K.L.:
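Sharing a structure here in structure tokens format.
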Amino acid sequence: MQSATHIDGIRHASANRTLNVVRADTVKADSLSQTMQLMGAMMGYSPNSEIFGENEPADYLYKVVSGSVRTYKILSDGRRQVSGFYLPGDIFGLEFADEHTLSAEAITGCKVLVVKRSALNALAGRDASVAQQLFALTGHELRRVQDRILLLIKCARERVAGFLLEMAERASGNIIELPMSRQDIADYLGLSLETVSRTLTSLETAAAIEVSTSRRIVVLRNRVALRAC
């Protein structure tokens, strides 16, 4: 659960942005990202600190400014299922209900823009462009969930290759910096840590990828081979 101090910190920071909320209401051409910048409050989180918890009120929308975030759920048997990874520029915390269905944690030290959900919804009711972008964001999240469901029915090699291709697409290149741990990746793909490590080694042996000594940088050497997995 979030501490009262944490929640009060968000509320205090948001209250200090009242003038910017008025400004956002008058600038109709702003993108959703620009609108969040105007309306939001910047919050800092240390590695592995909680941003919000499952079943807590979904009062805010979040945008990663720097660092990285994971969302996850603890299953009834105690296992952790990572639902998604969010990198700079990504928006998370979008819910259809009044409570969060997942928890969110900082993977690395990060800065997150926090926007009051009710204020953003009110603006969307007056600004069609903001409403359209919120709708597009909802569609994007739905596609991400659908893609992940399809990924989880594949074999281990296909899951790991698909994950690397997804991350390369987000990085817009063949060099991927992975802020998450191997355990995070395993919990995202529904695999064991040993299976993920073994599969990465197998892909590297096949010259499809190259993994740095730090294990944080992965270079895609053969996308065709990865897609063929």
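Here the structure is a predicted model, which means the values were calculated and not measured.
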K.L.:
Looking at residues at least two apart in the chain, or sitting in another chain, which of them share a side-chain contact (heavy atoms from CB on, under 4.5 Å) with Ser103?
P.N.:
Glu54, Tyr72
K.L.:
Which pair of non-hydrogen atoms, one from Ser129 and one from Asp127, has the smallest distance, and what is that distance?
P.N.:
OG-OD1, 2.6 Å
K.L.:
Looking only at atom types and distance, does a side-chain atom of Ser197 sit under 3.5 Å from a main-chain N or O of Glu194, one as donor and one as acceptor?
P.N.:
no
K.L.:
Determine whether a donor-acceptor pair (N or O, by modelled atom type, separation under 3.5 Å) exists between the side chain of Ser192 and the backbone of Thr195.
P.N.:
yes
K.L.:
Any chance CD of Glu177 has more than 12 other-residue heavy atoms, nucleotides or ligands included, within less than 6.0 Å?
P.N.:
no
K.L.:
Taking side chain as C-beta onward, heavy atoms only, is Met180 less than 4.5 Å from Ile107?
P.N.:
yes
K.L.:
Please determine whether a side-chain nitrogen of the Lys or Arg among Asp187 and Arg80 lies less than 4.0 Å from a carboxylate oxygen of the Asp or Glu.
P.N.:
yes
K.L.:
Sequence neighbours excluded, which residues qualify as side chain to side chain donor-acceptor pair (under 3.5 Å) partners of Asn48?
P.N.:
Arg70
K.L.:
Between Glu169 and Glu166, is there a donor-acceptor pair closer than 3.5 Å when you use the side chain of the first and the backbone of the second?
P.N.:
no
K.L.:
Say you draw a straight line from CG of Leu189 to NZ of Lys154; how long is it, rounded to the nearest 0.5 Å?
P.N.:
11.5 Å
K.L.:
Suppose we screen for ring pair (Phe, Tyr, Trp, His ring centres under 6.0 Å). Which residues come up paired with Phe85, at least two apart in sequence or across chains?
P.N.:
Tyr188
K.L.:
Does any non-hydrogen side-chain atom of Leu120 lie less than 4.5 Å from one of Thr35?
P.N.:
yes
K.L.:
Begin from the C-alpha positions of Ile176 and Leu178 and carry the test side-chain contact (heavy atoms from CB on, under 4.5 Å) through to its verdict.
P.N.:
CA-CA 6 Å; Ile176 313 166; Leu178 299 176; 3.5 Å; yes
K.L.:
Sequence neighbours left out, what passes side chain to side chain donor-acceptor pair (under 3.5 Å) with Asn55? Give chain and number order.
P.N.:
none
K.L.:
Under the side-chain contact (heavy atoms from CB on, under 4.5 Å) criterion, do Arg182 and Leu200 qualify, and how do the steps go?
P.N.:
CA-CA 10 Å; Arg182 293 289 187 268; Leu200 287 170; 3.3 Å; yes
K.L.:
Linking I/L/V/M/F/W/Y whenever any side-chain heavy atoms sit under 4.5 Å apart, do Leu193 and Val211 land together?
P.N.:
no
K.L.:
Within the distance-only criterion (no hydrogens, no angle test), does the side chain of Glu141 pair as donor or acceptor with the backbone N or O of Thr138 below 3.5 angstrom?
P.N.:
no
K.L.:
Measuring from atom CG of Leu61 to atom CG of Leu134, what distance do you get when rounded to the nearest 0.5 angstrom?
P.N.:
7.0 Å
K.L.:
Please check if the side chain of Asp184 supplies one atom and the backbone of Ser181 the other of a donor-acceptor pair under 3.5 Å.
P.N.:
yes
K.L.:
Could you walk me through whether Met43 and Ile51 satisfy the side-chain contact (heavy atoms from CB on, under 4.5 Å) test, starting with their C-alpha distance in whole Å, then the side-chain angles of each, then the deciding distance to 0.1 Å, before giving a yes or no?
P.N.:
CA-CA 10 Å; Met43 301 290 293; Ile51 298 172; over 6 Å; no
K.L.:
Mark yes or no: Lys111 above the aromatic ring of Tyr45, with NZ or CZ under 6.0 Å from the six-membered ring centre and no more than 45 degrees from the axis.
P.N.:
no
K.L.:
May I ask you to decide if Leu87's main-chain N or O and Ser68's side chain share a donor-acceptor pair within less than 3.5 Å?
P.N.:
no
K.L.:
Is there a path of hydrophobic side-chain contacts, each under 4.5 Å between heavy atoms of I, L, V, M, F, W or Y residues, that connects Leu220 with Ile185?
P.N.:
yes
K.L.:
Might you confirm whether atom CZ of Arg170 has over 12 heavy atoms from other residues, nucleotides or ligands at distances under 6.0 Å?
P.N.:
yes
K.L.:
Using a 3.5 Å distance criterion without hydrogens, assess whether the side chain of Arg117 forms a donor-acceptor pair with backbone atoms of Gly93.
P.N.:
no
K.L.:
Under 3.5 Å, is there a donor on one side chain and an acceptor on the other for Ser202 and Thr205?
P.N.:
no
K.L.:
For the backbone of Leu152 and the side chain of Arg159, can you confirm whether one donor and one acceptor N or O come within less than 3.5 Å of each other?
P.N.:
yes
K.L.:
Any salt bridge (Lys or Arg N to Asp or Glu O under 4.0 Å) involving residues 198-213? Give me the pairs, sequence neighbours left out, ordered by first then second residue.
P.N.:
Glu210-Arg221
K.L.:
Quick one: ring pair (Phe, Tyr, Trp, His ring centres under 6.0 Å) partners of Phe92, sequence neighbours excluded?
P.N.:
Tyr62, Tyr86
K.L.:
Above 12 or not: heavy atoms from other molecules or residues under 6.0 Å from CD1 of Ile175?
P.N.:
no
K.L.:
Ile209 pairs by side chain to side chain contact (heavy atoms under 4.5 Å, CB included) with which of Leu226, Val219, Asn174?
P.N.:
Leu226
K.L.:
Write down the atom of Arg223, the atom of Ala168, and the distance for their closest heavy-atom approach.
P.N.:
NH2-CB, 3.5 Å
K.L.:
Atom CD in Gln133, atom CD in Gln34: separation rounded to 0.5 Å?
P.N.:
8.5 Å
